Amino acid sequence: MGFDESKMENRAPAEVEGFAEENYRSFILDIVSDSNAAAFNFTKGDQDLKLGRLIPENRLVIDKHLNITVEAPAHWVAPVYQSGELKNAFDIYNPSKGKIAIAGISYSGGFTREIAYLEEEEFYLHSRPFEFDFAYSPSKNKVRPLGDSSIRQFEEIGLDPNGITKTEFIAFVKQHLKNNYPDQFNEEGVNRYPYILGGIALLILILGFLLLRRQKRSMNG
């Protein structure tokens, strides 16, 4: 059914967690000490920092025929607190095999809150080309939007922002992409073969009819 939760992760590998713990503080301190700290929702000069749980970003991959699969995480995101108050989210990634690096920090307040309160058994799903952010709970068979943009996409077409079933989610993704990116997506590749066979059969019938008429004319002539 579209994607398989057995391929998803909701815990970061130990080496990724270790890298985050060792490097997030110096990275955030550079922002906190800058005059532009408020642009990232931090209070200038306040060095009381804490990193929350590191969340794997399970990648939604959608091909041109709207087949949906999930690839292993190459990004991880964690909420950052300052003096106990949630401020932003910190992102690290794996740009190449065996290497981990800081991707940056700059998330919306809505997304930061959602990722901070993600339940332990939920999986974070993301599609970078289309900026989809969702949480999937296998035990509840529920997918819910994360952040203002994804919530708005649900509300605009009357879907419950508290969550929909996995089947409904797959239907939503397909319809959303076909409506908004009609030149990039279609499902013709799935169903084209029966139409080709039908066209060939029809052509054979027409040719047979024409040959029959021709034979009758020859006999009558």
Side-chain angles (χ1 to χ4, degrees), residues 1-20 24 52-79 88-108 110-154 159 163-178 180-181 184-187 189-190:
M1 284 293 295
F3 54 80
D4 182 2
E5 57 266 22
S6 68
K7 299 178 181 179
M8 301 179 192
E9 299 178 12
N10 60 2
R11 289 295 303 239
E15 63 269 23
V16 174
E17 290 185 338
F19 177 88
Y24 91 92
R53 180 167 71 99
L54 204 60
I55 309 293
E57 179 188 289
N58 296 284
R59 295 178 288 172
L60 279 178
V61 179
I62 308 160
D63 69 18
K64 67 178 182 178
H65 298 307
L66 294 168
N67 298 306
I68 302 172
T69 56
V70 175
E71 290 187 358
H75 278 252
W76 298 265
V77 59
N88 210 314
F90 176 76
D91 183 13
I92 64 175
Y93 75 126
N94 184 358
S96 61
K97 189 174 181 179
K99 183 177 181 181
I100 304 170
I102 296 171
I105 186 167
S106 187
Y107 288 88
S108 69
F111 175 81
T112 299
R113 286 190 299 274
E114 295 281 1
I115 207 72
Y117 295 107
L118 199 72
E119 296 179 11
E120 286 282 343
E121 62 102 25
E122 286 185 308
F123 295 93
Y124 169 38
L125 306 176
H126 179 71
S127 174
R128 287 190 173 268
F130 309 107
E131 292 304 316
F132 282 153
D133 292 296
F134 298 98
Y136 171 53
S137 167
S139 65
K140 299 175 183 177
N141 186 29
K142 182 179 287 188
V143 183
R144 62 183 180 88
L146 299 178
D148 300 335
S149 176
S150 294
I151 290 173
R152 187 165 53 251
Q153 289 170 3
F154 265 40
L159 294 177
I164 57 178
T165 68
K166 179 178 172 180
T167 301
E168 291 170 332
F169 172 70
I170 292 169
F172 156 75
V173 170
K174 290 183 176 183
Q175 195 60 51
H176 176 82
L177 294 179
K178 283 194 291 185
N180 292 277
Y181 306 92
Q184 295 186 43
F185 296 98
N186 65 73
E187 293 181 278
V190 177

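These numbers come from a predicted model, not from an experiment.
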Enter the distance from [X]:[atom1] to [Y]:[atom2] here, rounded to the nearest 0.5 Å.
X	Y	atom1	atom2	value
R113	S108	CZ	OG	7.5 Å
L159	S150	CG	OG	12.0 Å
I92	Y24	CD1	OH	12.5 Å

Identify the heavy atoms of [X] and [Y] that sit nearest to each other, and give their distance.
X	Y	value
E114	I151	OE2-CD1, 3.8 Å
N58	P73	OD1-CG, 3.6 Å
E122	L118	OE1-CD1, 3.6 Å
P138	F123	CG-CE1, 3.5 Å
N94	K99	OD1-O, 2.5 Å
D133	H126	OD1-ND1, 2.6 Å

Open item on the list: For Y117, I'd like to know if atom OH has over 12 heavy atoms of other residues, nucleotides or ligands within 6.0 Å.
Closed with: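 Incorrect, the count does not exceed 12.
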Open item on the list: For F185 and I62: C-alpha separation, side-chain torsions, deciding distance, then whether side chain to side chain contact (heavy atoms under 4.5 Å, CB included) applies.
Closed with: CA-CA 9 Å; F185 296 98; I62 308 160; 3.9 Å; yes
Task: Under 3.5 Å donor-acceptor, N180 side chain and H176 backbone - done: yes
- [ ] Determine yes or no for a side-chain-to-main-chain donor-acceptor pair under 3.5 angstrom, with N88 supplying the side chain and T112 the backbone.
- [x] no
Open item on the list: With a 4.0 Å cut-off on N to O distance, would you call E121 and K140 a salt bridge?
Closed with: no
Task: Any H75 side-chain heavy atom under 4.5 Å of D91 side chain - done: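 SC-SC contact between H75 and D91 confirmed.
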Task: Donor-acceptor side-chain pairing of E131 and S149 below 3.5 angstrom - done: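 On atom types as modelled, these side chains do not qualify, holding no pair under 3.5 Å.
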- [ ] Report the relative orientation of the aromatic rings in Y124 and F111; use parallel for angles under 30°, tilted for 30 to 60°, perpendicular for over 60°.
- [x]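 Plane angle between 30° and 60°, so tilted.
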TODO: Indicate the ring-plane relationship of F154 and F172, choosing parallel, tilted or perpendicular according to the 30° and 60° boundaries.
DONE: perpendicular
Task: Verdict with supporting geometry, T69 and K7, side chain to side chain contact (heavy atoms under 4.5 Å, CB included) - done: CA-CA 9 Å; T69 56; K7 299 178 181 179; over 6 Å; no
TODO: Only counting residues at least two apart or in another chain, list the ones meeting side-chain contact (heavy atoms from CB on, under 4.5 Å) with E17.
DONE: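 R11, A12, L54.
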Open item on the list: According to side-chain contact (heavy atoms from CB on, under 4.5 Å), who are the partners of E15, at least two apart in sequence or on a separate chain?
Closed with: P13, I100
Task: Any residue meeting side-chain hydrogen bond (donor to acceptor under 3.5 Å, both in side chains) with N141, in chain and number order, not counting sequence neighbours - done: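 Partners of N141 under the side-chain hydrogen bond (donor to acceptor under 3.5 Å, both in side chains) test: none.
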TODO: Determine, step by step, whether E57 and V77 satisfy the side chain to side chain contact (heavy atoms under 4.5 Å, CB included) criterion, reporting the C-alpha distance in whole Å, the side-chain angles of both residues, the deciding distance to 0.1 Å, and the verdict.
DONE: CA-CA 7 Å; E57 179 188 289; V77 59; 5.7 Å; no
Task: Check: F132 ring centre within less than 6.0 Å of F169 ring centre - done: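 That pair fails the under 6.0 Å test.
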TODO: Apply side chain to side chain contact (heavy atoms under 4.5 Å, CB included) to the pair F130 and L60, showing each step before the final yes or no.
DONE: CA-CA 10 Å; F130 309 107; L60 279 178; over 6 Å; no
